[in-house]
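A short worksheet on the structure shown next.
To find a chain, count down the sequence lines: A is the first, B the second, and so on, and within it residues start at 1.
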Amino acid sequence: MKKLVLALMAVLAVVALTACGGQKSGKTLTLMQNKPEIDAQLKAYAAEWGKKNNVTVVIKSIGGTSGGMGPQLKADYAAGDMPDIFAFDGLEAYKEWEGVILDLSNEPWVSKTSVAFKYNGKVYGFPVAVEGWGMAYNADLLAKAGIDPKTLNNYEAYKAAFEKLNAMKKELGIDSVVSMAASVEMGWVTAHHNFNSLLSNGLPYGDLSVVNDLLAGKVDEQRLSEYADWVELLFKYADKTVLLTGNYDAQVGAFAAGKAVFLHQGNWVDPNMKTANVTFKMAFAPHGSMKQVTDGIFVAAPSFYAINKDSKNLALAKKFLNDFVETPEGNNYMVKEALMIPAFSNITLNPEGQLSKSVQEWASAGKVYSWNQYYFTGDFRDKILTPIYNQFAAGKISKSQFVALMKKAFEENAKK
Amino acid sequence: MKGSMQKESQLVFWLFLLPALFAFIMVMVIPFFMGAFYAFTNWSSSAKLDGGLKFIGLKNFIDSFKDPAFIYSFGLTGVYTLLSMVTVNLIAFALALLVTSKLKLKNIYRAGFFIPNLIGGLILGYIWQFIFNNAIPALGKVIPFLSALADPQNLMLSKNTTAIIAMVIVSTWQYAGYIMMIYIAAIENVPEELHEAAKIDGANSWMRLRMITLPMVAQAFTVTMFLTLVFSFKQFDVNVSLTSGGPSTMLMNKPILGTELLALNIYNTAFISNNLAMGQARAVIFFIVLAIISLIQVYVNKKKEIEL
């Protein structure tokens, strides 16, 4: 009896110990990224790359709003299991991980891009891609209504166009003029992307004057009230079902099905358009958040790869990033497989998606405004601003209340 | 000789307990106390350059109670728990009565009512989101009598009050089958003689339910009440996938998330507001409150059992 128990104990102890030890055979390179839509493509590319470099590349993809990848990364950090390469989206996320992010200033790809993540003059992030958003429009429907998209570049032009389109709903076969989402789940459309119109529309690229004022609690009432007009316009001419309860699929689907003329999203919807077999022509027009003409769309790198300073495979991690830029396979993966707009000047391939092409056209014409929403914390955007937009969309507060609540939110944020 | 036998059987007892005890200590006890410790610090589990872990006393607890969103979540969780305890138990008990009666195909019904419990809460939430947002309005468009359902103003998930009702509906659908199983076991244990005797005395079925079945299954009520209370209070997955905490509402002149239950509020505090230590403090409060409420509930229910 005793022996049996002892034997059982021994087996148990061995199992427990080996389970804790884990396997350490062969080299692995781990990358955690926040774009689930390119997960399959990246995994395929990484498997090929791994074979050539004799290493197993593990890709972990976790998407969503600012709460998406963060929890997993924190859990891995607490467990001492940080990935070798991980994605982050901007200044606030950089500060969270400042202690482990490697300085990449001397990498060969740095000179080939203008959108790498820089802080205090040093490069810390490899730009994953270039992305852009504006008002995506259905060119066929606009032509049918006799509206020239080139004229859409300020509030008055949009107001007139929306009114005209709204009156022609039956003829055009649409449910609403704009496909807009403002539910709490879609807070990233309102409180991240649309919010950026307030922060950077009409300003020179990289100009942080408005951001710094707002962070300090100084609110330009004129700019804010013009912006509120624009938000009201978008909400007013949106389909109420999509606006208040729709998710990403509902919002993008309405545009893809030709049920809305405009879509408030970016070029990342290209793959969705492809799967929906969309045949109509589309492109981006600027946002009309101001009375003055703002002739440009919002273009930047949405996220960056950082290398973990404590990684055991620093050389491999650096090579992995560099090969995206320097090898034809890497270029092909970024542009043809993942359908991204490359952020590097040496890459000659062009993306296939209509909206991605439109972003490239705006960018090459130099008509771009920056992404400044990341200068505000995820907490401020998701928990303070999102409910304000949602209240406004549901018609529970008036425009003047919206302005007052936004102003108060900035003032309270500055005190923190 | 006898003493060593006893010693050996004690040893065996502990050895058999060891694997479970080991797992329990590693994944429950240690994290619990570590978490309670972190609640009093500025812990962030990230590589910030802010000088590391600092002890900050009760600040996380005090700040939590100053946050209207947290207070609101507290009240809301109470209301939600009450509503869903009532509906889950009522419906589960009614279903249990139904499938223990002389019904054809009752085994198929039992399995059918139980199956929703086997679907994960996250998936359930997305399925019901589709039902509330697409299927019900579509029904309204087809059937003229129900045309009000197609009006976007009447979508259940578009207002925070009705969205909470929607959550109660989904969780009732999910848990009623499970709780029903417990009631079935209890009802089937009621001796048939009691019913027969009562029938001879002229008791109708309502009287038999009230005077025989209900008192005889009082023990089951202790269990089901406890389970539904804890399930509802800890509701998270359906909350995330069905409403994400929305739509918004106003409290103390501040727009906040209108259907954010406590568990989701703790998660959001930790991972969206990037304040893990405060999330941990809220989790400690959550634990204490839930422990007190469920102890009271078990005490009250047990008392009913004894009185019989």
*Ring-ring centroid check A:Phe376 A:Phe195, cutoff 6.0 Å*: yes

*Give, as side chain, backbone, both or neither, the part of B:Leu157 having an atom under 4.5 angstrom from any heavy atom of chain A.*
both

*Give a yes/no verdict on a cation-pi contact between B:Arg282 and B:Phe70, requiring under 6.0 Å between NZ or CZ and the six-membered ring centre and an angle within 45° of the axis.*
yes

*Within a strict 4.5 Å, meaning less than it, do heavy atoms of the B:Gln280 and B:Tyr38 side chains meet?*
yes

_Region of A:Glu412 in contact with chain B, defined by heavy-atom distances below 4.5 Å_ = side chain

_Once side chain to side chain contact (heavy atoms under 4.5 Å, CB included) is applied, do any residues pair with B:Val79, and if so which ones, sequence neighbours excluded?_
B:Leu83

*Count the heavy-atom pairs under 4.5 Å between each of B:Glu260, B:Lys159, B:Lys254 and chain A, then report the option with the highest count.*
B:Glu260

What side-chain donor-acceptor pairs closer than 3.5 Å can you find for residues 392-411 of chain A, not counting sequence neighbours?
{"from": "A:Ser398", "atom 1": "OG", "to": "A:Ser400", "atom 2": "OG", "distance (Å)": "3.1"}
{"from": "A:Ser398", "atom 1": "OG", "to": "A:Gln401", "atom 2": "N", "distance (Å)": "3.3"}
{"from": "A:Ser398", "atom 1": "OG", "to": "A:Gln401", "atom 2": "OE1", "distance (Å)": "3.3"}
{"from": "A:Lys399", "atom 1": "NZ", "to": "A:Asp229", "atom 2": "OD1", "distance (Å)": "2.5"}
{"from": "A:Lys399", "atom 1": "NZ", "to": "A:Glu232", "atom 2": "OE1", "distance (Å)": "3.2"}
{"from": "A:Gln401", "atom 1": "OE1", "to": "A:Ser398", "atom 2": "N", "distance (Å)": "2.8"}
{"from": "A:Lys407", "atom 1": "NZ", "to": "A:Glu221", "atom 2": "OE2", "distance (Å)": "3.4"}
{"from": "A:Lys407", "atom 1": "NZ", "to": "A:Glu411", "atom 2": "OE2", "distance (Å)": "3.3"}
{"from": "A:Lys408", "atom 1": "NZ", "to": "B:Asn253", "atom 2": "O", "distance (Å)": "3.3"}

_Using a 4.5 angstrom heavy-atom cutoff, name the option from B:Leu257, B:Leu155, B:Asn274, B:Asn134 with the most pairs to chain A._
B:Asn274

*May I ask you to say whether A:Asp76 pairs ionically with A:Lys60, meaning some side-chain N is under 4.0 Å from a carboxylate O?*
yes

_Holding to salt bridge (Lys or Arg N to Asp or Glu O under 4.0 Å), I want the full list of residues that pass it with A:Lys95, two or more places apart in sequence or in another chain._
none

*May I ask you to list the residues in residues 235-249 of chain A that approach chain B closer than 4.5 angstrom, counting heavy atoms only, ordered by number?*
A:Lys240, A:Thr241, A:Leu244, A:Thr245, A:Asn247

*Quick one: of B:Asn268, B:Thr249, B:Leu276, who has the most non-hydrogen atom pairs under 4.5 Å with chain A?*
B:Thr249

*asked:* Could you check whether any side-chain N or O of B:Tyr80 sits under 3.5 Å from a backbone N or O of B:Leu261, counting only pairs where one atom can act as donor and the other as acceptor?
replied: no

